[in-house]
Amino acid sequence: MNIFDQYLNKIKKILLDLSKNGDLILPDKLDGITTEIPPSKFNSDISTNVAMVLSKLNKKNPNDLAIILVEAIKKNDPLIEDISVVKPGFINIKFKTVFWTNFVEKIIKNSKSFGINTNEKKKNYLIEFVSANPTGPLHVGHCRGAIIGDVISNILLFNNHKVTKEYYVNDYGNQIINFTKSVYFRIREIIFNEPFPSNNEDLYPGDYLINFAQNIINSNKKIDFKDFDKVFDELTVLSIEEALKLIKDNLNTLGINHDKFISEKKLVNNQEVEKVIDFLHKNNFVYKGKIKAPAGEDNNKWIEREQLLFRSTDFGDDKDRALQKSDGAWTYFASDVAYHKNKLDRKFDYLINILGADHAGYIKRISSSVEALSNTKGKLICKVSQLVKLIKDKKPFKMSKRKGDYITVDDLVNEVGKDATRFIMLNRSSDVELDFDFDNVIEKSKDNPLYYVQYSYARIASVFRHLNKDLKADIKINNYDFHYTNDEIKILKKISEWPECIDAASNKLEPHRIPTYLFELASLFHSYWNLGKDNPDKRFISEQKKITDDKLVFLKVISNVIKSGMDIVGVSAPEKM
RNA sequence: GCGCUCUUAGCUCAGUUGGAUAGAGCAUCGGUUUUCUAAACCGAGGGUCGAAGGUUCGAAUCCUUCAGAGCGCGCCA
């Protein structure tokens, strides 16, 4: 039920008819023609740019062409109240009230599907997000990307696409060795009373490792922890298990559940890296060579070495990238290429990666590798989530790696709650740095968009409560004939934009559009609500039962959209606040 | 030095894939509660869309150059 699509199709049909009669010349494709939401000052419901797009080809000025088209559009459409041509050549359509009555009736009868793009071909997506190293709890830095990934998944799922949410576990490499060592020292600390080494910068100092150590000791009484080399393999597995358990816990408090966890170590052990490099070799994407030091930096320590390189410059990268370390081990990039081959083999239509800003420099090389492996462009879509600036007491709160000086996801959720964390983290485009102001986020006022939107839902719920009706129950209507006034139509117009919002969020993978839309809808609703103070006609509960019933339908439409949006964002919509 | 992202009202930001007189919130000032939730609403002021060129019927949006901010840039993941 996208009225913009509906009218676009209608107009295109009219164009084809006109061109058959020889009254109009059309281009091969009707791509540039759109129906849009007109700016509010025009008092019109839909506008189209047809006349401007076709004017050149038809050698007519847009205004004259528009006048011809207006006649054709107006004909046989009883729902149009007014259709006019405005300055550069826009055609503005204003509907009769009955259009909106019909509109409400239609979306009430199909409330489950309202907003979903039913014309679009359904795709199968793989989305990889979070993928934080399994060495400790998630902190704020991971949080935004995690929520963005989750909500993008929700949007795609809402639009009936298939989505697999995946977490890549980096359980291979030096950091894991250091991590295991750190756990080992914590174990020795507990069992043999040896102090944890304080001078080793490779080790992980966080207190949470004490818990890991204790848990491992408690559930593995048989292991003798005297000799590190002997317990190393087993301890690595146990340590990663502990870390993953904690990470999954953290994700859970944010309301995030991945479908799959893929282990880097398994990929390496299955020789998948060798296989993919073999493939690249055969297709001449790798060679032995040297990487030059970056210009303008202090490169005294730079040592040029010959090593196995991937030709990412062929795909627009700055330099070719190393696949193998000097000791023969694979680089992180190499196993990630193998991972992406693994993804490709599973036949998804699109792969999506959500990356933090600090990994943005990595995009070129990994998308290059996907292009090389799949021989197609645009298969991998990378979204970057910019930094979150924490603000406390009006000052930026700096996190440092020093022990205890960073804020974890747990801290955040404990302080401001899951809902506020999710909503605020999404409240800006992911391309933009985000201020996360603790004082603001817990404030219960208009400063806080979450409460503002929830409050509009709660107000609707309160009307239903007064009438002893259940907001969640379906409403059945027939011969709906309520006559909406301009104040109500303002809201219905916003409602009509919901499918457009979903479409844009889904096509561009821009989840912030949902909170933005919900805020606008809530704002219109609050305005309307307050009209009831001066004007009893604007109240929902009327002395005439029919009017009350009809208005409940209107409220139901609004609450359905708010609820859908809140579900996508993954926050609650309480009926009482 | 190079790459990515950003620059829109005093502040924080939207801007629907190039459209019409550029929109919200906060802050400031002034109003609204015997009424379905004032966690709300109404009104006022506030702009050279970082700068300069270019592309065209039309640019905050696309291209080029420049300036500023953030992030990143050897076999760490």
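Note that this is a predicted model, so its numbers are computed, not measured. Chain A is the first sequence line, chain B the second, and so forth, proteins listed ahead of strands; every chain is numbered from 1.
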So which nucleotide from [options] ends up closest to the side chain of [X]?
{"X": "Asn174(A)", "options": "A20(B), C76(B), U16(B)", "result": "C76(B)"}
{"X": "Ala357(A)", "options": "C71(B), G3(B), A20(B)", "result": "C71(B)"}
{"X": "Tyr455(A)", "options": "A20(B), C36(B), A39(B)", "result": "A39(B)"}
{"X": "Ser527(A)", "options": "A39(B), A77(B), C42(B)", "result": "C42(B)"}
{"X": "Lys56(A)", "options": "U56(B), C36(B), A20(B)", "result": "U56(B)"}
{"X": "His526(A)", "options": "C71(B), U21(B), A40(B)", "result": "A40(B)"}
{"X": "Phe519(A)", "options": "G70(B), A24(B), C36(B)", "result": "A24(B)"}
{"X": "Ile291(A)", "options": "C13(B), G74(B), G70(B)", "result": "G74(B)"}

Any base atoms under 4.0 Å from [X], or only sugar-phosphate, or nothing? Heavy atoms, all strands.
{"X": "Glu520(A)", "answer": "nothing"}
{"X": "Asn92(A)", "answer": "base"}
{"X": "Ser326(A)", "answer": "base"}
{"X": "Phe333(A)", "answer": "nothing"}
{"X": "Glu510(A)", "answer": "nothing"}
{"X": "Gly532(A)", "answer": "base"}
{"X": "Lys319(A)", "answer": "sugar-phosphate"}
{"X": "Ala322(A)", "answer": "sugar-phosphate"}
{"X": "Ile176(A)", "answer": "nothing"}
{"X": "Val384(A)", "answer": "nothing"}
{"X": "Ser47(A)", "answer": "base"}
{"X": "Lys533(A)", "answer": "base"}

Would you please indicate if the ring centroids of [X] and [Y] are separated by under 6.0 Å?
{"X": "Phe519(A)", "Y": "Tyr452(A)", "result": "yes"}
{"X": "His466(A)", "Y": "Phe540(A)", "result": "no"}
{"X": "Phe554(A)", "Y": "Phe482(A)", "result": "no"}

Using a cut-off of strictly less than 4.0 Å, decide whether [X] has a side-chain nitrogen or oxygen near OP1 or OP2 of [N].
{"X": "Lys87(A)", "N": "U21(B)", "result": "yes"}
{"X": "Arg459(A)", "N": "A38(B)", "result": "yes"}
{"X": "Tyr452(A)", "N": "C41(B)", "result": "yes"}
{"X": "His512(A)", "N": "G15(B)", "result": "yes"}

Going by an N to O cut-off under 4.0 Å, is there a salt bridge joining [X] and [Y]?
{"X": "Glu272(A)", "Y": "Lys266(A)", "answer": "no"}
{"X": "Glu520(A)", "Y": "Lys494(A)", "answer": "yes"}
{"X": "Lys377(A)", "Y": "Glu371(A)", "answer": "yes"}
{"X": "Lys364(A)", "Y": "Asp318(A)", "answer": "no"}

**Asked** Does A38(B) have a Watson-Crick or wobble partner in any strand here, with both distances under 3.5 angstrom, and which is it?
**Response**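 Paired with no nucleotide.
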**Message:** Can you tell me the base-pairing partner of G58(B)? Count Watson-Crick or G-U wobble geometry only, both distances below 3.5 Å, and say none if there is no partner.
**Reply:** none
Using the [atom1] atom as the point on both nucleotides, what is the distance between [M] and [N], in whole Å?
{"N": "G74(B)", "M": "A20(B)", "atom1": "P", "result": "44 Å"}
{"N": "A27(B)", "M": "G46(B)", "atom1": "C1'", "result": "11 Å"}
{"N": "C49(B)", "M": "G23(B)", "atom1": "C1'", "result": "12 Å"}

**Asked** Considering heavy-atom distances to RNA chain B, does His466(A) or Asn133(A) have its closest nucleotide positioned more toward the 5' end?
**Response** His466(A)
Nearest-Å distance for atom pair [atom1]/[atom2], residues [X] and [N]:
{"X": "Glu497(A)", "N": "A14(B)", "atom1": "CD", "atom2": "P", "result": "18 Å"}
{"X": "Met425(A)", "N": "C13(B)", "atom1": "CE", "atom2": "C1'", "result": "17 Å"}
{"X": "Lys576(A)", "N": "A39(B)", "atom1": "NZ", "atom2": "P", "result": "15 Å"}

**Prompt:** So, is the end of the Lys265(A) side chain (NZ or CZ) under 6.0 Å from the ring centre of Tyr172(A) and within 45° of the ring's axis?
**Reply:**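 Judged by the rule (NZ or CZ under 6.0 Å from the ring centre, within 45° of its axis), Lys265(A) is not positioned above Tyr172(A).
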**Request:** Answer yes or no as to whether G19(B) has its base stacked against Phe90(A), where stacking requires a ring-centre separation under 5.5 angstrom and planes under 30 degrees apart.
**Result:**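 No, Phe90(A) does not stack on the base of G19(B), since the centre distance and plane angle fail the 5.5 Å and 30° test.
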**Asked** Got a donor-acceptor pair under 3.5 Å from the side chain of Asn530(A) to the base of A38(B)?
**Response**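 Result: no qualifying N/O pair found.
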